[in-house]
There are 2 protein chains.
Amino acid sequence: MRGYDKYAFEPFAVTVDLAVFTVRAGELQVLLVERGQEPYAGRWALPGGFVLPHESAETAARRELAEETGLADVSGLHLEQLRTYSEPDRDPRMRVVSVAYTALVPDLPEPRGGGDAAQARWLPYGGTGPLAFDHDRILADARERVGAKLEYTCLATSFCPSEFTLGELQQIYETVWGTALDRPNFRRKVLATPGFVEPVPGAARLTGGRGKPAALYRAGTATTLHPPLLRPEGRPS
Amino acid sequence: MRGYDKYAFEPFAVTVDLAVFTVRAGELQVLLVERGQEPYAGRWALPGGFVLPHESAETAARRELAEETGLADVSGLHLEQLRTYSEPDRDPRMRVVSVAYTALVPDLPEPRGGGDAAQARWLPYGGTGPLAFDHDRILADARERVGAKLEYTCLATSFCPSEFTLGELQQIYETVWGTALDRPNFRRKVLATPGFVEPVPGAARLTGGRGKPAALYRAGTATTLHPPLLRPEGRPS
DNA sequence: TCCTTAATAGTCGTGATGACTATAAACAGC
DNA sequence: GCTGTTTATAGTCATCACGACTATTAAGGA
């Protein structure tokens, strides 16, 4: 089936969809846009758009991410291909194959309107009605992947600002996994993993709250966790 | 960027590529086809082909898998989406976006020529010259994924026939990971994981070789391994 | 009958981990 | 200043998983 000139083929539209997660106010939130037109007018949808002729899907995803978050520099953000959705009827208008990406970002300011008519907003995960198209499925897949990735990668730091406390890092885990973790054990585990976090040398401390000030850490250079940081209770969400 | 009628979009060709692995003769082998025409005439390539208008990529992948392996029933085989490759110049002729899939199959008979002109063959992983297109990259990604998945899923049984010994299962791990495992420890670990394997009740045993006959097992119902079966030496291949 | 081969059983020490307890350093109120 | 509350950080301890071994069992071959 590789003779290109021998077989006819259907042209497809190719898009990217973005599941952009953040943790704010102690809950997992997702970046969504409100659809202005049919189909699914008025519904929330994942941000995304067409892959342009000269772009790879990855490039298109990063471009869309910049547009939707309003950030000038998205090069530091974690962006990862999730999977591709290609059911023939996933878009009632035409045949659209969509490459979905997952992005993890720290607590950003509310997105400005972007160049787009549709406004983007942070909404709590699960706190929306049904999304447009097959975006509920995409979002669920993305959420599951994020939860799993926290176990065996250092990805949780992507949710944090450049400097953070171990308490904040633990909150990321607890929010994404929906479970409480033992503080001393979490601390021991994180610090025992080389390259996960590194202390900010100048005895910098965080003020503002009550209680003893916490030491600040930066994301380390490691990417994988060995051994993994398994969530309690055998299996995933 | 979701106004479909407002923005022009480029039509893409969408294909699937298959990285089909098996373990035979103590080595990891891949199903490849020889290209008959330019570009890359004479080179080996991953089997694959166009997604037809009425198909999902998954359906197309399963159809291609059946065609290439010559198996009538591929419904039991493990087929999993790997990722999508969309670099604009990955095919010199046209814009082709390819959804890659990974399949794990037991030791099958040599593939017959199929309906295709190009013949398919099992070749040892890494034992081929450079593949056509970006298939070296796809194959390397697939291989890495397979190795990683053996750690935390029960996927190794997909490489085995319906009934197998623990020694055979261990060989799968050793071949894919390229490391030797301690036999008693491997055994203890596998048997301690509920649902990984289940013994074939009729004291069935395997004959043929020297030494004490081994008990036979079937694949269990579990899909994930908790805790994971980590390969020796911190990190992956 | 021995030797070889391979499967299976069991032992032992180390290290990671879960569950706790204890101390330290900040602030709020009195 | 003293006390209590809050949160970070430092330990303790028992359990369990795991790597490294040794031992036993059951076959075939010489």
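Proteins get letters first, then strands, A, B, ... in listed order; numbering begins at 1 in each.
In this structure, a donor-acceptor pair under 3.5 Å is absent between the side chains of B:Asp17 and B:Tyr85. Side-chain N/O atoms of B:Asp107 and B:Thr22 include no donor and acceptor closer than 3.5 Å.
The nearest whole Å value for the distance from the NZ atom in B:Lys212 to the P atom in D:dA23 is 17 Å. The distance from atom CZ of B:Phe164 to atom C1' of C:dA7 is 16 Å, rounded to the nearest whole Å. Rounded to an integer number of Å, the gap from CD of A:Gln170 to P of D:dA8 is 8 Å. Atom CG in A:Leu216 sits about 12 Å away from atom C1' in D:dA8, given to the nearest Å. Rounded to a whole Å, the CZ atom of A:Phe186 is 15 Å from the P atom of D:dA10. Going from atom CG of B:Asp182 over to atom C1' of C:dG10 covers 13 Å, rounded to whole Å. Protein atom OH of B:Tyr173 is 13 Å distant from nucleotide atom P of D:dG19, rounded to whole Å. Straight-line distance from the CG atom of B:Leu191 to the P atom of D:dA17: 14 Å, rounded to whole Å.
Across all strands shown, B:Arg183 has heavy atoms under 4.0 Å from base atoms, whether or not it also approaches the sugar-phosphate.
Checking A:Leu166 against B:Leu229, the closest nucleotide of DNA chain D that is more toward the 5' end is the one next to A:Leu166.
Picking from D:dA17, C:dA16, D:dT9 the nucleotide with the shortest atom distance to the side chain of A:Pro227 gives C:dA16. For B:Pro184, counting side-chain heavy atoms from C-beta on, the closest listed nucleotide (D:dT7, C:dT17, C:dA9) is C:dA9. Closest to the A:Arg187 side chain, of the nucleotides C:dA19, D:dT25, D:dT9, is D:dT9. The side chain of B:Asn185 sits closest to D:dC21 out of D:dA8, D:dC18, D:dC21. The side chain of B:Ala215 sits closest to C:dT8 out of C:dC20, C:dT8, D:dA17.
Between B:Lys189 and D:dA17 there is no side-chain polar atom (N or O) within less than 4.0 angstrom of OP1 or OP2. Distances shorter than 4.0 Å separate none of the side-chain N or O atoms of A:Arg210 from OP1 or OP2 on D:dT7.
Residue-to-nucleotide contacts include a donor-acceptor pair under 3.5 Å from the side chain of B:Arg188 to the base of D:dG19.
Qualifying side chain to side chain donor-acceptor pair (under 3.5 Å) partners for A:Glu198, counting only residues two or more places apart in sequence or in other chains: none.
The aromatic rings of B:Phe21 and B:Tyr125 lie tilted to each other, with the angle between the two planes from 30° to 60°.
Separating the OG1 atom in B:Thr221 from the CZ atom in B:Arg218 is a distance of 13.0 Å, to the nearest 0.5 Å.
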